[in-house]
Participant: 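So that we are looking at the same thing, I have put the structure below in structure tokens.
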There are 2 protein chains.
Amino acid sequence: MRYDGRLSRMLHVLIHMARHKGAATSDLIAQMLNTNPVVVRRTMAGLREKGYVHSEKGHGGGWTLSRGLEEMTLLDIYRAVGEPPVFAVGPACDRPECLVEQAVNSALADAFAEAERLLLERFAHVTLADIAADFDNRMARHPALAGHAGSGCAS
Amino acid sequence: MRYDGRLSRMLHVLIHMARHKGAATSDLIAQMLNTNPVVVRRTMAGLREKGYVHSEKGHGGGWTLSRGLEEMTLLDIYRAVGEPPVFAVGPACDRPECLVEQAVNSALADAFAEAERLLLERFAHVTLADIAADFDNRMARHPALAGHAGSGCAS
DNA sequence: GAGTTTGTAACTTTGCTTGTTGCATAAGGT
DNA sequence: ACCTTATGCAACAAGCAAAGTTACAAACTC
């Protein structure tokens, strides 16, 4: 089963936007993510609804941040992209009649709930500014890799 | 993104097998899971390789447990079904050149690693016998729902 | 008004999981 | 011996969800 990369991609974009002067067009963002502008609009729409970004049409339009990176946590963005299911494994069926299956689901659900709680709690304590700071550290060590170079990710 | 239900299904089957006299054929198991025998063989093959179950051909053949439920943990079975990825969300790309993306991946990877550690540790402490005991409790409260009734799970 | 850019709907492509079919292999029953 | 019952396995088909694509309307700037 393949990963849902929306959270990762949006974090990536938001931090780039913070370093970008003026509005970033869907086209520009799509190039950064190696995808296409329609997909960008689709995903960014969620962030706009929650008030993290703003979009403007027409000449000079595009996307801008509505607040500082220190005011956005991983949890915020996770929720804004639609709170995709965290776990890739889960119950085979939601309302099993079989009592064995109920017992199995219950055991798994307990374990997953605990892990999810830990994960989201951690998400809540990491701001995008923290990640940007980590980026600055990496940048200081490898100044050559500053830009995006359009290379993105081949995978 | 849809769940991987292999772990759940195999737990379900193993507990049924423990209550079943003699070998259970792939066909019988398939009916319990509302699937078909080939899929059962495919998945059970992993458990056989790890030594949790045994299969025999021919008349009276089928699948049998190779050890008691108290000697199998959730972790064991999770590993036997191929250690499917636990998380449904993840990095958009594995070896990003972009330093921003590296910082993002690093932040996410830390959080996921911690949650996964917690989850697997919990898995290691739950035996199938624990789940079977829970089943017995449910059974005591709802004796009418004892069997499978072939209904399985419509979803 | 001309040129940009987002917004959105509909459709196509892609990748993965599951389901299905077909046949070889092995064991038991008569 | 021969037939029936099973697993083992490979190859193919179907279904589904995410991503990509196309097309066009709406809104904004110059």
Side-chain angles (χ1 to χ4, degrees), chain A residues 1-10 12-13 17 20 22-49 53-64 66 81-85 87-93 152-155, chain B residues 1-10 13 17 20 22-49 53-64 66 81-82 84-85 87-93 152-155:
Chain A
M1 195 162 288
R2 204 166 196 78
Y3 286 135
D4 183 331
R6 276 178 293 174
L7 175 59
S8 166
R9 282 198 295 268
M10 285 304 108
H12 183 184
V13 165
M17 283 171 66
H20 190 266
T25 66
S26 302
D27 237 319
L28 176 66
I29 293 173
Q31 285 173 359
M32 293 195 309
L33 296 180
N34 263 15
T35 178
N36 76 72
V38 177
V39 175
V40 170
R41 288 183 201 121
R42 266 208 290 251
T43 318
M44 296 284 280
L47 300 197
R48 183 183 48 214
E49 273 168 27
V53 297
H54 174 76
S55 67
E56 261 180 301
K57 298 180 173 181
H59 241 139
W63 301 87
T64 46
S66 320
V81 297
E83 305 195 47
F87 296 104
V89 313
C93 126
C153 172
S155 69
Chain B
M1 192 166 285
R2 204 165 197 78
Y3 286 134
D4 183 330
R6 275 178 294 174
L7 175 58
S8 167
R9 281 197 295 268
M10 286 305 108
V13 165
M17 284 170 65
H20 192 265
T25 65
S26 303
D27 238 318
L28 177 66
I29 294 173
Q31 284 172 358
M32 294 197 308
L33 297 180
N34 263 16
T35 180
N36 76 72
V38 178
V39 174
V40 170
R41 289 184 197 119
R42 265 206 293 252
T43 318
M44 297 283 282
L47 300 197
R48 183 183 47 215
E49 273 167 27
V53 297
H54 174 76
S55 66
E56 261 180 301
K57 297 181 175 182
H59 244 139
W63 300 87
T64 46
S66 320
V81 297
F87 297 104
V89 312
C93 125
C153 171
S155 69

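In the text below, chain A, chain B and the rest are named by the order of the sequence lines, each starting its count at 1.
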Participant: Whole angstrom is fine here: how far is it from NE2 in A:H54 over to P in C:dT6?
Facilitator: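 Distance check: A:H54 NE2 to C:dT6 P gives 12 Å.
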
Participant: Holding to side-chain contact (heavy atoms from CB on, under 4.5 Å), I want the full list of residues that pass it with B:T35, two or more places apart in sequence or in another chain.
Facilitator: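 Applying side-chain contact (heavy atoms from CB on, under 4.5 Å) to B:T35 gives B:A30, B:L33, B:V39, B:V40.
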
Participant: Using heavy-atom distances to pick each residue's nearest nucleotide on DNA chain D, tell me which of A:G60 and B:G60 is more 5'.
Facilitator: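 First, find each residue's nearest nucleotide; the 5'-ward one identifies B:G60.
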
Participant: How long is the line joining CD of A:E49 and C1' of C:dG7, in whole Å?
Facilitator: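 Distance, rounded to whole Å: 12 Å.
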
Participant: Check A:H12 against A:M32 and note the closest heavy-atom contact, atom names and distance.
Facilitator: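 That closest heavy-atom pairing would be CE1-O, 4.2 Å.
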
Participant: OP1, OP2 of D:dA6 versus side-chain N and O of B:S55: anything below 4.0 Å?
Facilitator: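 No, outside the criterion.
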
Participant: side-chain contact (heavy atoms from CB on, under 4.5 Å) with B:S66: which residues, sequence neighbours excluded?
Facilitator: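 So B:S66 forms a side-chain contact (heavy atoms from CB on, under 4.5 Å) with B:H54.
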
Participant: State whether B:R9 places a side-chain N or O below 4.0 Å from either non-bridging phosphate oxygen (OP1 or OP2) of C:dT18.
Facilitator: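 Affirmative; the distance criterion is met.
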
Participant: Mind checking if A:G62 touches a base, just sugar-phosphate, or nothing, with heavy atoms under 4.0 Å?
Facilitator: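 Sugar-phosphate contact only - A:G62 comes under 4.0 Å of backbone atoms but never of a base.
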
Participant: Is there a side-chain contact between A:S26 and the phosphate of C:dT6, meaning an N or O under 4.0 Å from OP1 or OP2?
Facilitator: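 Yes.
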
Participant: At a cut-off of 3.5 Å, list every protein nitrogen or oxygen paired with a nitrogen or oxygen from nucleotides 20-28 of chain D, distance to 0.1 Å.
Facilitator:
residue	atom	partner	partner atom	Å
D:dG20	OP2	A:T35	OG1	2.6
D:dG20	N7	A:R42	NH2	2.8
D:dA27	O4'	A:K57	NZ	3.3

Participant: Can you list everything that forms a side chain to side chain donor-acceptor pair (under 3.5 Å) with B:S26? Sequence neighbours excluded, please.
Facilitator: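 Result, side chain to side chain donor-acceptor pair (under 3.5 Å) vs B:S26: B:R41, B:W63.
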
Participant: What pairs with A:R6 under salt bridge (charged side-chain N to carboxylate O under 4.0 Å, His left out), at least two apart in sequence or on another chain?
Facilitator: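 Only A:D4 meet the salt bridge (charged side-chain N to carboxylate O under 4.0 Å, His left out) criterion with A:R6.
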
Participant: What residues, two or more places apart in sequence or in another chain, satisfy side chain to side chain donor-acceptor pair (under 3.5 Å) together with B:R42?
Facilitator: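 For B:R42 there are no side chain to side chain donor-acceptor pair (under 3.5 Å) partners, ignoring immediate neighbours.
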
